[in-house]
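Notes to accompany the following structure.
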2 protein chains.
Amino acid sequence: MAIQRNTIQRTLVLDAVKTLKNHPTPDMVSEYVRGRNPAVSRSTIYRNLNLLCEEGRLQRVHVPNSADHIDHNCEPHYHAVCNKCGSVFDVEINLDSELSDDSSDLCSYVSCKGLKIKGCVVLFTGICDNCSEESKI
Amino acid sequence: MAIQRNTIQRTLVLDAVKTLKNHPTPDMVSEYVRGRNPAVSRSTIYRNLNLLCEEGRLQRVHVPNSADHIDHNCEPHYHAVCNKCGSVFDVEINLDSELSDDSSDLCSYVSCKGLKIKGCVVLFTGICDNCSEESKI
DNA sequence: CTTATTGCAAAACATTTGCAGTAAG
DNA sequence: CTTACTGCAAATGTTTTGCAATAAG
């Protein structure tokens with residue numbers, strides 16, 4: 001079912017992701033939304049994030065061993081996750097590389113017996129500045 | 001804690017993954033193991049898969065919206081998942097491409113503000129032959 | 001003997017769902 | 001009015017954990 005009505009809950013959810021800008025998890029969205037309207041339920045957060053992602057107004061970032069993260073930027077681009085704190089960052093492509101923003105380009109480099117490859121998910125990993133600072137102390 | 005004892009349960013778990021060869025989920029491992037020894041508990045399956053992966057004797061393949069899959073082949077290589085049935089396949093690199101088996105090579109193509117990139121996870125997606133046959137019928 | 005390992009049941013975690021009530025159009 | 005949407009509570013799927021009992025070395 002597509003989006004047909006503009007509820008205050010829906011607006012709050014979309015605004016939260018756009019305001020936070022930090023690839024929040026549904027939980028972080030929930031916390032932010034509840035700060036402005038404590039009555040909004042967790043199910044509504046999840047349902048609206050799902051609908052907004054399906055409509056292409058938000059983008060989902062799957063992170064292993066963690067909740068999903070939500071990106072307000074729907075243009076194709078890569079992400080990186082901190083192995084310590086789980087924060088998600090946007091990644092920049094080096095100008096002189098063969099890699100493009102569109103990860104499905106990688107598909108032309110590979111083949112697979114028994115499966116027709118259509119797309120590709122890439123997630124970079126590392127340690128964020130915050131966490132590497134902490135470990136120095 | 002590292003592996004120190006060779007229990008029959010541990011042997012059954014390792015044998016299951018090596019025999020099945022199809023990147024089974026813990027559930028599929030459990031079913032196979034229980035076919036040979038119904039007393040083995042699910043916790044033991046999980047605990048042994050975790051230990052064997054930590055030791056580098058098995059490899060874990062994270063699949064979004066699905067249980068993990070376990071690979072008996074620990075050499076670095078890429079995987080693809082069927083969007084319909086969730087089966088996991090090994091991917092072959094085209095000989096004349098810049099892509100190598102080691103996904104961390106991709107890291108040299110990108111940079112990230114606020115995070116030091118160390119590695120990279122790649123998962124190809126598509127439709128397997130079985131599922132595309134089914135949809136033709 | 002010692003303690004790593006097991007089985008069980010319960011908990012944890014992220015997310016979805018059934019249903020009756022509410023509100024957007 | 002109609003029915004998309006919400007809130008709640010309960011269920012789902014996957015994995016982990018506390019604890020007493022077992023067994024590997």
Side-chain angles (χ1 to χ4, degrees), chain A residues 1-17 23-55 57-71 81 85-88 123, chain B residues 1-17 23-55 57-70 81 85-88:
Chain A
M1 195 189 310
I3 287 181
Q4 303 194 9
R5 295 182 187 176
N6 289 320
T7 61
I8 40 178
Q9 293 90 337
R10 187 116 70 211
T11 308
L12 283 168
V13 167
L14 187 54
D15 281 359
V17 179
H23 309 83
T25 60
D27 233 51
M28 294 156 82
V29 174
S30 179
E31 199 175 335
Y32 186 90
V33 167
R34 288 170 99 104
R36 318 179 82 192
N37 183 340
V40 179
S41 82
R42 186 171 301 269
S43 328
T44 297
I45 305 281
Y46 273 102
R47 276 191 275 232
N48 278 309
L49 288 175
N50 287 348
L51 284 169
L52 290 161
C53 285
E54 275 170 33
E55 296 243 315
R57 310 233 271 145
L58 293 175
Q59 187 182 180
R60 187 181 305 270
V61 183
H62 290 289
V63 179
N65 308 315
S66 153
D68 287 350
H69 289 241
I70 310 291
D71 196 344
V81 61
C85 68
S87 305
V88 170
L123 182 67
Chain B
M1 193 191 312
I3 288 181
Q4 304 195 10
R5 294 183 187 175
N6 289 320
T7 61
I8 39 177
Q9 292 91 337
R10 186 116 70 212
T11 308
L12 283 168
V13 167
L14 187 55
D15 281 359
V17 179
H23 308 84
T25 60
D27 233 51
M28 294 156 81
V29 174
S30 179
E31 200 175 335
Y32 187 90
V33 166
R34 289 170 98 105
R36 317 180 83 193
N37 182 340
V40 178
S41 83
R42 186 170 301 268
S43 330
T44 297
I45 305 282
Y46 273 101
R47 276 191 275 232
N48 278 309
L49 288 174
N50 287 349
L51 285 169
L52 290 162
C53 286
E54 275 169 35
E55 295 243 317
R57 308 232 272 146
L58 293 175
Q59 187 181 181
R60 189 181 304 269
V61 183
H62 291 289
V63 178
N65 308 316
S66 153
D68 287 348
H69 289 243
I70 309 291
V81 61
C85 68
S87 305
V88 169

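Only heavy atoms go into these numbers, but all of them, side chains included; no hydrogens, no water, no symmetry mates.
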Counting C-beta onward and ignoring hydrogens, is there a side-chain heavy-atom pair between B:Arg42 and B:Tyr46 closer than 4.5 Å? yes
Closest-nucleotide mapping onto DNA chain C: is B:Gln4 or B:Ser43 further toward the 5' terminus? I mean the 5' end. B:Gln4
Would one find a side-chain N or O of B:Tyr46 under 4.0 angstrom from OP1 or OP2 of D:dT15? yes
Choose from C:dA4, D:dC5, D:dG7 the nucleotide whose nearest atom is closest to any side-chain atom of A:Thr7. D:dC5
Can you tell if the side chain of A:Leu49 reaches within under 4.5 Å of the side chain of A:Val17, non-hydrogen atoms only? yes
Can you tell me the distance, in whole Å, between the CD1 atom of A:Ile3 and the P atom of D:dA4? 13 Å
Roughly, in whole Å, what's the span from NE2 in B:His62 to P in C:dA14? 15 Å
Nearest 0.5 Å please: distance from the CZ atom of A:Arg60 over to the CG atom of A:Asn50. 5.0 Å
Would you indicate, yes or no, if D:dT15 has its OP1 or OP2 atom less than 4.0 angstrom from a side-chain nitrogen or oxygen of B:Asn50? no
Grab the NE2-C1' distance between A:His69 and C:dT15 for me, whole Å please. 15 Å
Residue pair A:Val40/B:Ser66 against DNA chain D: nearer the 5' end by closest nucleotide is A:Val40
D:dA23 OP1/OP2 closer than 4.0 Å to side-chain N/O of B:Asn6: no
Can a side chain N or O of A:Arg10 be found less than 4.0 Å away from OP1 or OP2 on D:dC5? yes
Look at the side chain of B:Arg42 and the base of D:dT15, then say whether one donor and one acceptor between them are separated by less than 3.5 Å. no
Nearest whole angstrom, please: distance from the C1' of D:dC5 to the CD1 of A:Ile45. 14 Å
Base, sugar-phosphate, or nothing: which does A:Asp68 touch, judged by heavy atoms less than 4.0 Å apart? sugar-phosphate
Is the shortest side-chain heavy-atom distance between B:Leu52 and B:Ile3 below 4.5 Å? yes
Choosing from C:dA4, D:dT15, D:dT2, which nucleotide comes nearest the side chain of B:Arg5? C:dA4
Shortest non-hydrogen contact from A:Leu123 toward A:Pro64: CD2-CD, 3.7 Å
Measure the distance from CD on B:Glu54 to P on C:dA4 and round it to the nearest whole Å. 15 Å
Between CZ of A:Arg34 and C1' of D:dG7 the distance, given in whole Å, is 10 Å
Whole-Å distance, B:Asn48 CG to D:dT15 C1', equals 15 Å
Sub-3.5 Å donor-acceptor pair from the side chain of B:His23 to the main-chain atoms of B:Val88, do we have one? yes
Answer yes or no: does a side-chain N or O of B:Ser41 lie under 4.0 Å from OP1 or OP2 of C:dC8? no
Between D:dT3, D:dC8, C:dG7, which one does the side chain of A:Arg47 approach most closely? D:dC8
B:Gln9 side chain N/O closer than 4.0 Å to the phosphate oxygens (OP1, OP2) of D:dA23? no
A:Leu12 CG - D:dG7 P separation (whole Å): 10 Å
